[in-house]
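Quick caveat, the model's predicted, so the values are computed rather than measured. Each ligand, and each atom within it, is numbered from 1 in the order the structure gives. Hydrogens, waters and symmetry mates are skipped; everything else that's a heavy atom, side chains included, is used.
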Amino acid sequence: MKKNPANRQKKSTNNLDYDPLGGLVFKVSPHLEELAKRSPAVRREFYPSAEETRPTSQSLVDPLLEDAHAVTRGLVHKYPSRVLVLLTMTCAAYCRFCTRRRRVSDIEAGNITLEDIEAMVSYLESHQDINEVIFSGGDPVTVPRLLIAAINKIKKLPQIKIIRVHTRTPVANPTLITPQLLKTFRSITKQALYVSIHFEHPDELTPITRKTVKAIKDTGAILLSQSVFLKGINDDVEVLYNLFSELPMLGVRPYYIYRCDPTIGVEHFMVSFKKEVAIMTELRKRLSGIAYPTYVIDAPNGSGKIPVPLEFWEFKRTNHTDFLDKNIKIVGPK
Ligand code: SF4
């Protein structure tokens with residue numbers, strides 16, 4: 001596996017001195033390999049293309065400024081009451097549109113140890129305002145021993161009220177959701193457990209994925225979905241209608257759909273803003289409220305998920321403000 005050259009840069013990562021295709025290795029599971037044979041959408045999600053090597057001047061290596069908010073190894077503290085735990089930079093398969101592609105797939109750089117988890121716990125204990133822990137990565141389910149160890153420590157902290165696990169494994173490699181992990185989920189009794197699963201297209205809802213989602217639901221976890229608008233994959237009313245109307249039937253509440261971040265090597269996945277707004281407006285007319293996710297732009301300076309108004313209102317499509325009232329110009333196709 002190649003190393004990600006972006007990791008040589010420290011906090012000033014937002015420039016084009018970076019080889020995007022060299023930074024994110026190619027990896028699919030046998031499950032996805034089979035699925036990609038019959039689904040062009042899944043193929044486009046996971047198989048590299050030459051378009052990744054044509055960055056524009058508007059793209060950034062770290063659009064959400066996560067690297068700048070790291071407080072201990074693997075721990076990102078960006079919002080007052082919650083932290084992000086990046087347990088690994090490994091995933092079951094690598095999505096070509098990954099916002100964290102500057103680091104994801106660099107196994108060495110993302111290698112978290114039990115000592116790192118101890119340091120995270122100490123940080124949490126000394127910051128009693130934090131009540132929510134989000135396990136992400138990479139995909140935390142690809143390092144089950146670490147995830148289980150971290151959950152077992154963090155669930156004992158009285159200040160923590162919510163534990164969230166963000167994963168794509170039910171889609172990318174359902175066999176990674178093991179009985180031991182499910183048992184650990186079941187053991188969380190003092191906190192609310194939310195499992196947020198990343199879905200992009202209804203083709204991903206295979207029988208084994210559905211069965212895996214049900215097994216997670218049966219642990220008592222509350223299930224949410226996250227998606228990203230992706231050109232040539234889900235920038236279509238019918239595709240998203242099918243996805244978002246299926247998910248609630250599996251017990252998954254569609255939570256967020258994001259505008260694709262302007263990450264180097266990912267711009268070819270960006271959909272025109274006008275088209276996204278039109279799709280979400282149409283979906284709002286057709287989907288029930290519980291099937292309709294919040295459509296947001298992740299502010300490029302890392303200061304919040306900004307909801308986008310729909311065509312029921314007149315609004316300018318050129319600028320928005322962030323949580324700090326900073327005015328931001330929309331990046332990418334209009
Ligand atoms: S699973 Fe998530 S972190 Fe991993 S490559 Fe896909 S989007 Fe990136």
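Screening R317, K285, K274, K275 for a salt bridge (charged side-chain N to carboxylate O under 4.0 Å, His left out) with E311, the sole residue that qualifies is R317.
For the ring-ring contact (aromatic ring centres under 6.0 Å, His included) test, no residue two or more places apart in sequence or in another chain qualifies with F244.
Linking ILVMFWY residues whenever their side-chain heavy atoms come closer than 4.5 Å, directly or via other members, leaves V277 and M270 in distinct clusters.
Atom 4 (Fe) of ligand 1 has C91 SG as its protein N, O or S neighbours under 2.8 Å.
D218 contributes no side-chain N or O that, together with a main-chain N or O of A215, makes up a donor-acceptor pair within less than 3.5 Å. Of the possible polar contacts, one joining the T209 side chain to the P170 backbone as a donor-acceptor pair under 3.5 Å is found.
Note: Y94 and F26 fail the aromatic proximity criterion, with ring centroids not under 6.0 Å apart.
With hydrogens left out, the protein atom closest to atom 2 (Fe) of ligand 1 is H198 ND1, 4.3 Å, a heavy atom.
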